[in-house]
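The structure under discussion appears below in the form of structure tokens.
In what follows, residues are counted from 1 in the order of the sequence shown.
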Amino acid sequence: NFDSQRDIYNNQREIVVHRSFQDQAPQGTLLALSLVAISTAGQNVGIEFDVQISSDGTPVVFHDLSVDDLTDGSGVVTEMTLAQLKALQFTEVIGTAFEGVGGVTIPTLDEYIRFISQYGFKAYPEIKSYRTEADIEILDAVISKYRYKNATTWQSFRVSDLQKLREYNQQSNVAWATETGYTQTILDSLAAVGNVSIIQSVNSWINNPSDIDVFNSYGFDCIPFTADRIETYYDLTDLGMQKVITDRNFLPNAGLTSITSPCRFNLNPWTEIKTGASTVTYLANPENSQTVGEIVECEGAAGEDCRVRLP
């Protein structure tokens with residue numbers, strides 16, 4: 001049994017899904033969101049995603065600044081029309097049954113927020129790129145359309161983006177993401193923005209826990225990215241973290257279930273489990289998982305947190 005203070009089932013804590021668990025389906029697509037909705041049913045979940053704007057002024061959800069690495073096209077997102085972006089295929093689905101399916105094309109922000117709002121997920125859009133700073137208002141207008149400001153945390157690596165957002169959005173939380181530390185000037189600027197969280201790498205928080213006290217003294221929330229092992233998740237919650245960004249789905253859906261190993265069962269490609277002498281206790285609901293396979297690899301001693309890899 002998990003210690004009650006280290007219980008991953010604690011719904012007061014929030015799992016923020018990074019790039020819609022990109023190992024399950026092409027990142028940022030509606031298909032990926034659908035799988036997230038299935039595999040995190042009943043959990044306190046936020047969705048992190050990247051927002052840009054097309055050359056003709058439509059906000060879209062896409063991580064990279066260019067489409068070259070993830071799709072069959074070439075070009076910079078902000079220099080392409082919506083029609084051009086919608087015509088692209090994610091390279092990982094070409095030649096599969098998903099090729100040409102609408103749910104695996106680049107979604108508009110409108111399509112994305114409509115889906116998120118139906119499931120009640122919290123939204124964590126990152127302002128990735130735009131034509132001019134004035135486009136931030138166009139991005140935020142989509143959130144307003146769905147009356148989702150109170151469930152949205154806008155994030156950016158640029159403090160100026162958050163300052164601009166505050167000119168017309170006083171309701172949403174904002175988050176400043178950093179990989180290079182902070183200065184007193186930045187802290188003062190963020191304090192003036194209000195309702196701020198700080199997003200730093202997992203190692204930054206673990207190696208510099210005193211930062212938590214500094215940020216908390218300003219009333220800032222602290223959010224780590226990305227915690228991809230359950231042991232790391234525990235390390236962070238021991239530091240008092242209530243929100244954790246992750247690429248991996250190690251959430252339970254319907255309590256712990258014991259099964260005999262080896263066997264066949266439904267499980268996400270990487271799922272944290274506990275092993276016993278002749279059983280595997282895993283954090284997943286067979287009816288709600290997407291991948292079927294046999295256990296082919298297990299790391300960790302009996303009774304310890306470990307991973308099972310499926311083919």
Side-chain angles (χ1 to χ4, degrees), residues 12-18 44-53 59 109 113 116 121-130 132-144 146-227 232-233 235-246:
Q12 292 182 350
R13 300 193 184 113
E14 182 180 330
I15 293 293
V16 181
V17 177
H18 186 237
N44 185 11
V45 173
I47 306 293
E48 188 275 345
F49 53 98
D50 301 275
V51 180
Q52 304 186 60
I53 197 161
L109 179 59
I113 295 300
I116 286 176
F121 294 139
K122 298 179 182 69
Y124 287 79
E126 179 186 335
I127 303 171
K128 179 58 71 75
S129 182
Y130 42 71
T132 70
E133 196 178 54
D135 285 339
I136 294 176
E137 186 170 7
I138 298 176
L139 303 180
D140 190 61
V142 179
I143 304 297
S144 298
Y146 289 93
R147 299 180 180 179
Y148 224 58
K149 287 188 175 182
N150 289 332
T152 296
T153 298
W154 280 105
Q155 52 174 319
S156 179
F157 282 87
R158 299 176 293 269
V159 174
S160 59
D161 288 350
L162 307 180
Q163 292 170 324
K164 185 66 176 178
L165 180 77
R166 270 291 178 259
E167 293 179 10
Y168 36 82
N169 181 341
Q170 300 297 318
Q171 296 169 254
S172 294
N173 292 327
V174 298
W176 178 57
T178 177
E179 295 176 324
T180 58
Y182 58 91
T183 65
Q184 187 62 52
T185 299
I186 289 176
L187 293 179
D188 293 340
S189 297
L190 291 171
V193 171
N195 293 330
V196 172
S197 296
I198 306 296
I199 298 177
Q200 289 191 135
S201 71
V202 165
N203 287 338
S204 292
W205 295 118
I206 292 176
N207 295 333
N208 303 287
S210 59
D211 282 354
I212 298 173
D213 294 332
V214 172
F215 293 132
N216 285 345
S217 70
Y218 281 82
F220 301 160
D221 201 3
C222 300
I223 305 176
F225 76 96
T226 58
T232 306
Y233 172 88
D235 289 341
L236 294 165
T237 57
D238 285 347
L239 290 174
M241 301 290 187
Q242 294 298 307
K243 300 174 183 177
V244 178
I245 300 174
T246 178

I'd like to check [X] versus [Y] (side-chain heavy atoms, cut-off strictly below 4.5 Å). Are they in contact?
X: E126; Y: F157; value: yes
X: K122; Y: V16; value: no
X: N216; Y: C222; value: yes

| task | Going by the side chain to side chain contact (heavy atoms under 4.5 Å, CB included) test, name the single residue among I138, D135, D140 that passes it with P59. | result |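 It is I138, the one option of I138, D135, D140 that forms the side chain to side chain contact (heavy atoms under 4.5 Å, CB included) with P59.
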Check whether [X] reaches the backbone of [Y] with its side chain - one donor and one acceptor, N or O, closer than 3.5 Å.
X: W176; Y: I199; answer: no
X: Q155; Y: A177; answer: no
X: T226; Y: I245; answer: no

Between [X] and [Y], what is the shortest heavy-atom contact and its length?
X: T178; Y: T180; answer: OG1-N, 3.1 Å
X: V202; Y: A227; answer: CG2-N, 3.7 Å
X: G194; Y: V174; answer: O-CG2, 3.8 Å

| task | Would you please indicate if the ring centroids of W205 and F215 are separated by under 6.0 Å? | result |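 Yes; F215 has its ring centre under 6.0 Å from that of W205.
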Say you draw a straight line from [atom1] of [X] to [atom2] of [Y]; how long is it, rounded to the nearest 0.5 Å?
X: I15; Y: K243; atom1: CD1; atom2: NZ; value: 12.5 Å
X: I212; Y: I206; atom1: CD1; atom2: CD1; value: 9.5 Å
X: K149; Y: Y168; atom1: NZ; atom2: OH; value: 9.5 Å
X: I53; Y: L109; atom1: CD1; atom2: CG; value: 9.5 Å
X: N169; Y: L139; atom1: CG; atom2: CG; value: 11.5 Å
X: F121; Y: I116; atom1: CZ; atom2: CD1; value: 8.0 Å

| request: Hey, could you give me each pair passing salt bridge (charged side-chain N to carboxylate O under 4.0 Å, His left out) that has a residue in residues 151-169? Not counting sequence neighbours. | output: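 Listed once each, the pairs are R158-D161, K164-E167.
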| field | Residues Y233, R13; criterion side-chain contact (heavy atoms from CB on, under 4.5 Å); working and verdict | value | CA-CA 11 Å; Y233 172 88; R13 300 193 184 113; 3.4 Å; yes
For [X], give me all partners under side chain to side chain contact (heavy atoms under 4.5 Å, CB included), at least two apart in sequence or on another chain.
X: N203; value: S201, N207
X: S197; value: A175, D221, I223
X: A151; value: Y148

| field | Under the ring-ring contact (aromatic ring centres under 6.0 Å, His included) test, residues paired with F49 that sit two or more places apart | value |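 Testing F49 for ring-ring contact (aromatic ring centres under 6.0 Å, His included), a comparison that skips the adjacent residues, returns Y112.
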Residues 184-191, side-chain donor-acceptor partners within the protein, below 3.5 Å, at least two apart:
from, atom 1, to, atom 2, distance (Å)
Q184, NE2, D188, OD1, 3.1
Q184, NE2, Y218, OH, 2.5
S189, OG, T185, O, 3.0

